Amino acid sequence: MGPNYSISTACATSNYCFYAAANHIRRGEADMMIAGGTEAAIIPIGLGGFVACRALSQRNDDPKTASRPWDKDRDGFVMGEGAGVLVMESLEHAMKRGAPIIAEYLGGAVNCDAYHMTDPRADGLGVSSCIERSLEDAGVSPEEAGHGLIIETPREELETKVNYINAHATSTIAGDLAEINAIKKVFKNTSGIKINATKSMIGHCLGAAGGLEAIASVKAITTGWLHPSINQFNPEPSVEFDTVANMKQQHEVNVAISNSFGFGGHNSVVVFSAFKP
């Protein structure tokens, strides 16, 4: 009986939905929200539009290696399809019904580059400010120990620090490095941060991408394993991150952020951590 509507902000849609749903719960307008994204755009007009703006990979001779974020030889993204949905609820409501609490949503943010219809800002300013606002909303400092907040329910301070980023990383020539530039602007010390690219394995699922990547982030938190960024053959030297290249890695995730950006300059970032009563 609470809010029920759809959001369409291109490839940033799912994170916009998580952000909106969490804020409805925070404001007391709902106890529980079902939020996420779904996409089935592999049709002639869907592919044709992205071909026309030269966003897709043309590596048709070797499609399994076509999606290669952060690789020098990347030439565009590979379109995927799918759906990713989270059940989000207040701590009080989850505990009352005895729900298994998988992870904690700490906060998020959305904004717009106001720059170009399809191209990201090369300096990543819109993205970096979105990451900063998401951390502020989450009560997490990019450099020093901060604290996270349960939706609706205050708790004791918990020392937290971002050490995992599920990157937007579509495999486009401009977008991958713009995102890296933005991350470097926010996190001055990147030595303890691992990043990976879910799209290297499943392609870019457009409006569903953030939903699937939020699930990948939560699974990293709950399992202690990061999935690999595959097709890392000739890494960009300017990336300067551990991208979990080609092989999965064990990693105890403290705080995770998941980035999603879309045409029109849409930026969205959500922040997760393990639930600690």
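All residue numbers in this chain count up from 1 along the given sequence. Computed from a predicted model, the values in this text were never measured in an experiment.
With hydrogens and angles disregarded, a donor-acceptor distance shorter than 3.5 Å links the side chain of S14 to the backbone of G37. D113 places no side-chain N or O within 3.5 Å of a backbone atom of G124 that could act as its donor or acceptor partner. For the pair E213 (side chain) and T198 (backbone), a donor-acceptor distance under 3.5 Å is absent. Proximity of a side-chain donor or acceptor of S268 to a complementary backbone N or O of A12 within less than 3.5 Å is detected. Of the possible polar contacts, one joining the D71 side chain to the D73 backbone as a donor-acceptor pair under 3.5 Å is found. Looking only at distances, no side-chain donor or acceptor of Q232 sits under 3.5 Å from a matching main-chain atom of R68.
Ion pairing of R26 with D137 is present here, as a side-chain N (NZ or NE/NH1/NH2) and a carboxylate O approach within less than 4.0 Å. Ion pairing between a basic and an acidic side chain is recognised when a charged N comes within 4.0 Å of a carboxylate O; E132 and K185 show no such pairing.
Evaluation of the side chain to side chain contact (heavy atoms under 4.5 Å, CB included) rule for C205 yields I202, A208, L212 as partners, not counting sequence neighbours. For T170, the side chain to side chain contact (heavy atoms under 4.5 Å, CB included) partners at least two apart in sequence or on another chain are F77, H168, T172, D176, K199, H204. Taking H266 as the reference, Y16 meet the ring-ring contact (aromatic ring centres under 6.0 Å, His included) condition, with sequence neighbours excluded.
Hydrophobic clustering, with ILVMFWY side chains joined whenever heavy atoms are under 4.5 angstrom apart, groups F261 together with W70.
When I257, N196, I195 are each tested for a side-chain contact (heavy atoms from CB on, under 4.5 Å) with Y164, only one passes: N196.
Residues M79 and F50 form a side-chain contact, since some pair of their non-hydrogen atoms from C-beta on lies under 4.5 Å apart. In this structure, N231 and R74 have side chains that are not in contact, with every pair of non-hydrogen atoms separated by 4.5 Å or more.
The local environment of CD1 in I34 is sparse, with at most 12 non-hydrogen atoms from other residues, nucleotides or ligands closer than 6.0 Å.
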Step-by-step ring pair (Phe, Tyr, Trp, His ring centres under 6.0 Å) determination, H24 to Y5: CA-CA 12 Å; H24 283 303; Y5 57 96; 5.7 Å; yes

